Amino acid sequence: MHVFRSEQRMTQLRPPKNVRHWPHSRDGVGVIPNSTFNAHALRINSSKASETSIFHFFRKNKINLNSVTCAKSSSAPDEPKKSPKSSETALILIRHGESLWNQKNLFTGCVDVPLSRRGVDEAIEAGRRISNIPIDMIYTSSLIRAQMTAMLAMTKHRKKKVPIVVHKEDDRSIAWSRIFSEQTSSEVIPVVTAWQLNERMYGELQGLNKKETAEKYGKKKVHEWRRSYDIPPPNGESLAMCAERAVAYFKDQIEPQLLAGKNILIAAHGNSLRSIIMHLDKLTSQEVIDLELSTGIPMLYIAKGGKISRRGSPTCPRTVGVYAYTSNLARYRELLENMEE
Ligand SMILES: O=C(O)[C@H](O)COP(=O)(O)O
């Protein structure tokens, strides 16, 4: 059974300072390029009209264009440039923390339900477990439980960067949401919200209690709706239909950033992540039936040489455990430690 479940809470032993958790990489590869969100001089790559209105806005508000930088106004963050084959980047997947309806065992799907108190704690704990892993961009769904998980987790990241939702409604919102001073731009992490990463639509089951639904329609039928690959719940999405949008988005928008050197966090949902993991781990539609994701447990993948491979679930930095880390991540962690000394 291919399961990422919460790990036994190991005793919180702090390893001695000089103990290296991982051997340094032989090739001396530097720390993962901390390619933060590259801000550029304000360039509105859009129609002349919006450019005029933007410059009109700045002039009217006496904003000196020379002191303002913002990223290019593309609907996606910077166009990814291919990074050298040897470079390595991290991909972290986290299913949102427990939601109020998870707590009540209700089918949630696309209903926009917030985290429960326990879900908030799970998101913060997940943040501790990924606090040493570089993150340059965050992708989340348009649902609050996934967005809250990402924001809460990032409060524990040792780089202390501020996640900022990237708005892409129109050129003005793009320009305004990315107006930083030069210094600020190095202190933020762009957060891209995408409906394609939403939980699968559970149709008529949304809001129903999972146990009562199984009693009403039969355990087998409900298990089929919940865990089969291509059987949708009544007026809902099958996992295959969810994969069509979630995996397509991952391939079109996220993978290029990852392979271009950006370290990525995706905070999403049980089924949108199951479909992405099915793609990454090349699971069959039979194998994915057994894939269960616990709420709030981070899953680490490493992209290197054009491949994205699973490394396991990171544990808390102070937890004595088997680190599914690489020597590059070890260097990054040492950098953070030296930064804090
Ligand atoms: O949408 C929901 O109800 C849950 O997030 C996932 O439900 P499932 O575990 O039945 O897929």
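Since we're looking at a predicted model, the values are computed, not measured. In each ligand, atom 1 is the first atom listed, and ligand 1 is the first ligand listed.
For Lys216, there are no side-chain contact (heavy atoms from CB on, under 4.5 Å) partners at least two apart in sequence or on another chain.
When non-hydrogen atoms are compared, ligand 1 lies under 4.0 Å from the side chain of Arg95 (C-beta onward) but not from its backbone. With a heavy-atom cut-off of 4.0 Å, Asn271 touches ligand 1 through its side chain alone. At a 4.0 Å heavy-atom cut-off, ligand 1 touches Arg227 through the side chain alone.
Here the options are Lys159, Glu337, Arg158, the test is side chain to side chain contact (heavy atoms under 4.5 Å, CB included), and the partner is Tyr332; only Lys159 passes.
Nearest protein neighbour of atom 8 (P) of ligand 1, counting heavy atoms only, is Tyr202 OH, 3.4 Å. Ranking the protein heavy atoms by distance from atom 7 (O) of ligand 1 puts Lys210 NZ, 3.3 Å first. Looking only at protein heavy atoms, the nearest one to atom 3 (O) of ligand 1 is Thr108 N, 2.8 Å. Scanning all protein heavy atoms for the shortest distance to atom 10 (O) of ligand 1 gives Arg226 NE, 2.5 Å. Nearest to atom 1 (O) of ligand 1 among the protein's heavy atoms is Gly109 N, 2.8 Å.
Atom CD of Glu215 has more than 12 heavy atoms from other residues, nucleotides or ligands within 6.0 Å. The number of heavy-atom neighbours closer than 6.0 Å to NZ of Lys160, taken from other residues, nucleotides and ligands shown, is above 12.
Contact detail for Ala246 and Leu197: the closest heavy-atom pair is O-CD2, 4.4 Å. Between Leu259 and Ala303, the shortest heavy-atom contact is CD2-CB, 4.2 Å.
For ligand 1, the atoms lying closer than 4.0 Å to a non-hydrogen atom of Leu106 are 3 (O).
The heavy atom nearest to atom 5 (O) of ligand 1, out of those in His223, Glu199, Arg274, is found in Glu199.
For Arg331 and Glu334, the salt-bridge test fails: no basic side-chain N is under 4.0 Å from an acidic carboxylate O.
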